[in-house]
There are 2 protein chains.
Amino acid sequence: MLFHFKDKFPQLSTYWDKYLEFQQRMEVPAKTVLLEEGKVSGHYFFVEKGCVRLCFNNNGNDKTVQFFFENEGLTSFESFLKNTPSLFTIETIEPSVVYLLPKKHLTNLMDELSQEPDFIKMMLAISAERQLHYMHEFVSFIRDTPEQRYQNLVSERPHIVQRVPQHYIASYLGVSRVHLSRIKSALAKKR
Amino acid sequence: MLFHFKDKFPQLSTYWDKYLEFQQRMEVPAKTVLLEEGKVSGHYFFVEKGCVRLCFNNNGNDKTVQFFFENEGLTSFESFLKNTPSLFTIETIEPSVVYLLPKKHLTNLMDELSQEPDFIKMMLAISAERQLHYMHEFVSFIRDTPEQRYQNLVSERPHIVQRVPQHYIASYLGVSRVHLSRIKSALAKKR
DNA sequence: TGCATTCGGTAACATATGTTATCGCCCGGC
DNA sequence: GCCGGGCGATAACATATGTTACCGAATGCA
């Protein structure tokens, strides 16, 4: 994560450098649990290589909320923010290289940077983007059929469809894996 | 909106006072369109009395995204932020009293206040809460049946069910109004 | 008062989606 | 090379949900 910010905000590079040493690099196989549902999130994660999903277990049904790929950062946001048990699990999908930044260091970093107007603007912008992301997802559920949502995914975020096993995508779209399979074959016939 | 902030942040009251005069008070009947889909959002709205919905038209189908009541502020966020055509309409549900603050004044106010650490923290907190709100909505679509979502609404935000016509609630829950009626009668039988 | 409009309930039918089960393919470990 | 697990397709059936149509109550307005 810090590498990423360093590229974007070189003028703040002294800050980034100071915290680089606190990051822990992990090289893990697929299906590695980085944070378990019910535990308090104590790290911010940054994906250098591979991919990761945010998910949860609902009465034995595995549901995926979001996918993360190279150069994306994540945490179980609500848990991280409020020190509450995480509603979600964070788990690798592919063999991955991940950096962990412990919460206390990120908090310190944020405090230091709260004096920097550039940084504040960036934080607000990032926060606004996330808000819009989830809002768009929400609106899509109200507006679109599962078939349309799948087509949106294919056209707007094809890397997800290419790299992620289909049953994860099914739960992300809010349908059963059987039905996603039907959707795909229906779309194939249409051409 | 400014009244509201003044209560919460009395230490910043000189700021609020300065902008109070720019607010325009409107008293409007039900079903008044405050912002039309496709136009650029130029105001921030604050509901003093009544209620308002954020909605859009999807091939002739009316869909509701969110409800707002007394002492809540809103705008078509993406349009307001990026000066793009609004994806949404803002419309009163009940006869309402609404305050409008033109965008340029809100922008000025934000610029002035960007020096105030308290204000920044508040903005980030508000933004985080909105993000969590939409994320919870999104997760609910993945996790819950329409019946469960209706029950959540009844138990967590009963004022919505009490004050808002049912067909708006149906589209907000992502079902047809006929099906919401079925859900209600099924729940009534269960007791 | 009378009338149109809005709103909510219900029925009947069509379609979408879930569930369970089975099959085949591919791939990694041994 | 063999084997088991993960993955995806498909079928058959059950259930959920949409669509259209109709009715009646409540409401606001002429």
Side-chain angles (χ1 to χ4, degrees), chain A residues 28-33 50-51 53 55 58-64 67 91-96 140-151 153-154 160-191, chain B residues 28-33 50-51 53 55 58-64 67 91-96 140-151 153-154 160-191:
Chain A
V28 294
K31 301 209 178 197
T32 304
V33 172
C51 73
R53 69 190 183 111
C55 55
N58 187 47
N59 301 329
N61 280 110
D62 179 273
K63 306 277 183 180
T64 298
F67 302 103
E91 183 183 283
T92 56
I93 294 174
E94 301 173 357
S96 303
S140 174
F141 269 97
I142 288 177
R143 184 189 54 207
D144 303 329
T145 64
E147 180 171 320
Q148 287 170 314
R149 284 207 302 285
Y150 178 71
Q151 285 181 294
L153 205 63
V154 169
I160 292 183
V161 181
Q162 285 155 16
R163 286 175 69 174
V164 173
Q166 195 166 305
H167 55 283
Y168 295 155
I169 295 177
S171 72
Y172 173 70
L173 292 174
V175 299
S176 67
R177 62 215 178 94
V178 175
H179 193 61
L180 179 54
S181 196
R182 276 197 285 247
I183 287 171
K184 284 181 71 173
S185 78
L187 286 176
K189 278 182 195 166
K190 285 186 183 173
R191 306 177 187 180
Chain B
V28 294
K31 299 209 177 197
T32 304
V33 171
C51 73
R53 69 192 184 111
C55 55
N58 186 48
N59 301 328
N61 280 111
D62 178 274
K63 306 277 183 181
T64 298
F67 303 103
E91 183 184 283
T92 56
I93 294 175
E94 301 173 358
S96 303
S140 174
F141 269 96
I142 289 177
R143 184 191 53 207
D144 302 329
T145 64
E147 179 170 322
Q148 287 170 313
R149 283 206 302 287
Y150 178 70
Q151 285 181 294
L153 205 63
V154 170
I160 293 183
V161 181
Q162 285 155 16
R163 287 175 68 175
V164 173
Q166 196 167 304
H167 54 283
Y168 295 155
I169 294 177
S171 72
Y172 173 71
L173 293 174
V175 299
S176 67
R177 62 216 179 91
V178 176
H179 193 61
L180 178 54
S181 197
R182 276 197 283 248
I183 287 171
K184 284 181 71 174
S185 79
L187 287 176
K189 278 181 194 165
K190 285 187 182 173
R191 305 174 188 180

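Lettering of chains follows the sequences in order, A, B, ..., and the numbering in each one begins at 1.
What separates CD of Q166(B) from P of dT10(C) is a distance of 11 Å, to the nearest Å. One can place CG of N61(A) at 11 Å from P of dG18(C), the figure rounded to the nearest angstrom. Atom CG in N59(A) sits roughly 16 Å away from atom P in dG18(C) (whole-Å rounding). I183(A) places its CD1 atom 15 Å from the C1' atom of dT10(D), with the value rounded to the nearest Å. We find that NE2 of H167(A) is positioned 6 Å from P of dG8(D), with the value rounded to whole Å. The CD atom of E94(A) sits 15 Å away from the C1' atom of dC7(D) (whole-angstrom rounding). We find that CG of L173(A) is positioned 11 Å from P of dG18(C), with the value rounded to whole Å. As rounded to whole Å, 17 Å separates atom P of dT20(C) from atom NE2 of H179(A).
Residue contacts for T145(A): at a heavy-atom cut-off of 4.0 Å it reaches no nucleic acid atom on any strand shown.
In terms of polar N and O atoms assigned as donor or acceptor, the side chain of R182(A) never comes within less than 3.5 Å of the base of dG8(D) in a complementary pairing. For R177(B) and dG9(C), a side-chain-to-base donor-acceptor distance below 3.5 Å is absent, hydrogens and geometry of angles not being considered.
Of the candidate nucleotides dC7(C), dT10(C), dT10(D), dT10(C) has the atom nearest to the side chain of S185(B). Relative to the side chain of S176(B), the nucleotides dG18(D), dC7(D), dG9(C) differ in distance, and dG18(D) lies closest. The side chain of V178(A) approaches dT20(C) more closely than any other nucleotide in the set dG18(C), dT6(C), dT20(C).
In this structure, L153(A) and L173(A) approach most closely via the heavy-atom pair CD2-CD2, 4.4 Å. Nearest heavy atom pair, residue G50(A) against residue R163(A), reads O-NH2, 3.3 Å. Contact between Q148(B) and R143(B) at its shortest, heavy atoms only, is OE1-O, 4.3 Å. Closest of all the heavy-atom pairs between T92(B) and P29(B) is OG1-O, 2.9 Å.
For dG8(D), the OP1/OP2 oxygens have no side-chain nitrogen or oxygen of K184(A) closer than 4.0 Å.
The closest donor-acceptor contact from the side chain of R53(B) to the backbone of I93(B) lies at 3.5 Å or more, if one exists at all.
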